[in-house]
Amino acid sequence: MKTVTTIAEMRAACLAARQGGKRLGFVPTMGALHEGHLSLVRAARERSDAVAASVFVNPAQFGPNEDFAKYPRDLERDKKLLASEGVEFLLTPSVDEMYPKGAATIVYVEGLSEKLCGRSRPGHFRGVTTIVAKLFNIVAPDAAFFGQKDAAQVAIIRKMVRDLNFPVEIVACPTVREPDGLAMSSRNAYLNAAERKQALVLSRALREVEKKFAAGERGAGELMSAAKTVLAREPSVTLDYLEIVNPETLDPVPNEDARGALVAVAAFVGGTRLIDNVVLGGKRKG
Ligand code: PAJ
């Protein structure tokens with residue numbers, strides 16, 4: 001694996017691969033890698049001739065009172081994992097390399113960026129789309145791989161790619177979970193033993209929704225209250241949002257029909273903000 005810290009080196013390495021006729025897959029990450037990240041690398045390998053990745057904790061997507069400073073970082077471990085998964089090119093830039101003094105341009109997807117996590121994390125998605133656009137310009141991948149775990153992020157990046165004509169295919173990959181159902185996240189490392197148990201209420205609430213949906217319930221309101229009943233059993237967990245939305249527009253679905261809807265939840269477990277979601281089956285109307 002060729003690991004570089006400068007944009008120029010990454011651009012040259014990726015360009016050479018593409019000019020050699022290789023289809024290039026790309027997996028952007030913030031490191032502290034787990035099986036969720038590695039599943040994206042495996043998906044990228046299956047669908048590409050060479051895989052590029054990045055590890056960059058992007059300050060622009062963290063709010064002033066969020067965890068940028070304490071976000072878990074273990075670059076040596078990340079490098080070993082990515083090398084063993086067959087990544088060919090890895091970019092691990094400094095903040096100054098990605099945001100040199102005077103950088104003033106942002107990429108902002110209007111509307112979608114204020115929904116779901118965007119409502120409680122102002123500026124978050126603007127930071128995400130700006131860095132992902134920059135990384136796409138550096139790597140110029142044929143396809144880029146993102147986790148469905150961050151469903152709003154997928155919707156917003158798809159919209160950015162359409163609106164700005166990036167010649168890249170966006171591939172969304174399923175959420176990887178711990179055996180007990182907790183969605184894998186670099187932030188799970190913040191949880192103590194008690195919080196780790198409490199955190200299970202998120203996936204439990206979503207499973208309850210899926211169960212009710214499978215039993216024939218189609219009403220978004222009914223499905224919401226089923227989830228809320230489960231969440232209320234863990235009063236130490238503070239709900240940020242629970243929404244049943246169209247997975248593309250992120251707007252609430254009509255109350256009478258939750259088919260094909262995204263059920264998304266965010267909650268604080270102790271000081272840690274966790275998110276999870278499921279997409280319900282069936283065909284959406286319209
Ligand atoms: P990060 O949180 O490191 O996640 C990198 C990628 O891994 C994202 O596409 C995310 O959705 C995916 N991922 C995380 N947990 C997952 C899980 N349990 N199952 C499947 N995929 C999972 O998302 C970001 O970084 C950043 O916003 C980034 C896109 C890199 C821009 O800075």
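We number each residue from 1, following the sequence as shown. Just so it is clear, the structure is predicted and the values come from calculations on it, not from any experiment. What you see below is based on every heavy atom in this structure, not just the backbone, and it leaves out hydrogens, waters and symmetry mates.
- Shown here for Asp78 and Ala32, the closest heavy-atom pair between the two residues is OD2-N, 3.0 Å.
- Smallest separation of non-hydrogen atoms from Ala144 and Val168: N-CG2, 3.7 Å.
- Applying the side chain to side chain contact (heavy atoms under 4.5 Å, CB included) rule to Glu76 yields the partners Asp74, Lys79; only residues at least two apart in sequence or on another chain are considered.
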With a cut-off of 3.5 Å and sequence neighbours excluded, list every side-chain donor-acceptor pair involving residues 129-140.
{"residue": "Thr129", "atom": "OG1", "partner": "Val107", "partner atom": "O", "Å": "2.7"}
{"residue": "Thr129", "atom": "OG1", "partner": "Phe125", "partner atom": "O", "Å": "2.8"}
{"residue": "Thr129", "atom": "OG1", "partner": "Arg126", "partner atom": "O", "Å": "3.3"}
{"residue": "Thr130", "atom": "OG1", "partner": "Val107", "partner atom": "N", "Å": "2.9"}
{"residue": "Thr130", "atom": "OG1", "partner": "Val107", "partner atom": "O", "Å": "3.3"}
{"residue": "Thr130", "atom": "OG1", "partner": "Arg126", "partner atom": "O", "Å": "2.7"}
{"residue": "Lys134", "atom": "NZ", "partner": "Met98", "partner atom": "O", "Å": "2.8"}
{"residue": "Asn137", "atom": "ND2", "partner": "Ala133", "partner atom": "O", "Å": "3.4"}

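- Salt bridge status for Asp276 with Lys149: absent, with no side-chain N to carboxylate O gap under 4.0 Å.
- Residue Ser113 comes nearest to Ile156 through the heavy atom pair CA-CD1, 4.0 Å, listed as atom of the first residue, atom of the second, then distance.
- Under the 4.5 Å side-chain criterion, counting only non-hydrogen atoms from C-beta, Cys173 is in contact with Leu40.
- Linking Ile, Leu, Val, Met, Phe, Trp and Tyr whenever their side-chain heavy atoms come within less than 4.5 Å leaves Met1 and Leu24 in two separate clusters.
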Tell me which donor-acceptor pairs under 3.5 Å the side chains of residues 210-223 have, and how far apart each pair is, sequence neighbours excluded?
{"residue": "Lys212", "atom": "NZ", "partner": "Glu208", "partner atom": "OE2", "Å": "3.0"}
{"residue": "Glu217", "atom": "OE2", "partner": "Gly219", "partner atom": "N", "Å": "2.9"}
{"residue": "Arg218", "atom": "NH1", "partner": "Phe213", "partner atom": "O", "Å": "2.7"}

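- Considering only residues two or more places apart in sequence or on other chains, Arg23 meets the side chain to side chain contact (heavy atoms under 4.5 Å, CB included) condition with Asp49, Asp142, Ala143, Glu169.
- In this structure, Lys197 has no side chain to side chain contact (heavy atoms under 4.5 Å, CB included) partners at least two apart in sequence or on a different chain.
- For Asp163, the side chain to side chain contact (heavy atoms under 4.5 Å, CB included) partners at least two apart in sequence or on another chain are Lys159.
- Considering only heavy atoms from C-beta on, Phe146 comes within 4.5 Å of Pro28 through its side chain.
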Given side chain to side chain contact (heavy atoms under 4.5 Å, CB included), test Leu82 with Thr29 step by step and report yes or no.
CA-CA 11 Å; Leu82 293 172; Thr29 81; 5.7 Å; no
Do Ile275 and Val265 pass the side chain to side chain contact (heavy atoms under 4.5 Å, CB included) test, and can you show the C-alpha distance, the side-chain angles, and the key distance before you say yes or no?
CA-CA 6 Å; Ile275 60 172; Val265 62; over 6 Å; no
Any chance you could lay out the side chain to side chain contact (heavy atoms under 4.5 Å, CB included) test for Met10 and Thr6, step after step, and finish with the verdict?
CA-CA 6 Å; Met10 187 65 169; Thr6 67; over 6 Å; no
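- Judged as a salt bridge (charged side-chain N to carboxylate O under 4.0 Å, His left out), not a single pair has a partner in residues 225-236 (not counting sequence neighbours).
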Salt bridge (charged side-chain N to carboxylate O under 4.0 Å, His left out) assessment of Arg42 paired with Glu35:
CA-CA 10 Å; Arg42 289 172 201 141; Glu35 278 297 313; 2.9 Å; yes
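- Residues that satisfy the salt bridge (Lys or Arg N to Asp or Glu O under 4.0 Å) test with Arg45, not counting sequence neighbours, are absent from this structure.
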Let me see the working for Val209 and Leu280 under side chain to side chain contact (heavy atoms under 4.5 Å, CB included), right down to the final yes or no.
CA-CA 9 Å; Val209 173; Leu280 299 175; 4.1 Å; yes
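- Looking at Arg187 and Asp67, their side chains come closer than 4.5 Å, going by heavy atoms from C-beta outward.
- In this structure the side chain of Arg273 reaches within 4.5 angstrom of the side chain of Ser120, judged on heavy atoms.
- A salt bridge is defined here as a Lys NZ or Arg NE, NH1 or NH2 lying under 4.0 Å from an Asp or Glu carboxylate O, and Asp240 with Arg121 fails to meet this definition.
- The heavy-atom pair separating Gly31 from Ser186 by the smallest distance is O-OG, 3.4 Å.
- Leu262 places a side-chain heavy atom less than 4.5 Å from the side chain of Leu250.
- Within the structure, side chain to side chain donor-acceptor pair (under 3.5 Å) pairs that include any residue of residues 87-98 do not occur (at least two apart or interchain).
- Thr3 has its side chain out of reach of Phe89: every pair of non-hydrogen atoms, C-beta onward, lies at least 4.5 Å apart.
- Under the side chain to side chain donor-acceptor pair (under 3.5 Å) criterion, Arg207 pairs with no residue, sequence neighbours left out.
- Listed by first then second residue, pairs satisfying ring pair (Phe, Tyr, Trp, His ring centres under 6.0 Å) with a partner in residues 222-277 number zero, not counting sequence neighbours.
- Within the structure, every pair that satisfies the ring pair (Phe, Tyr, Trp, His ring centres under 6.0 Å) test and touches residues 58-80, not counting sequence neighbours, is listed here: Phe62-Phe68, Phe62-Tyr71.
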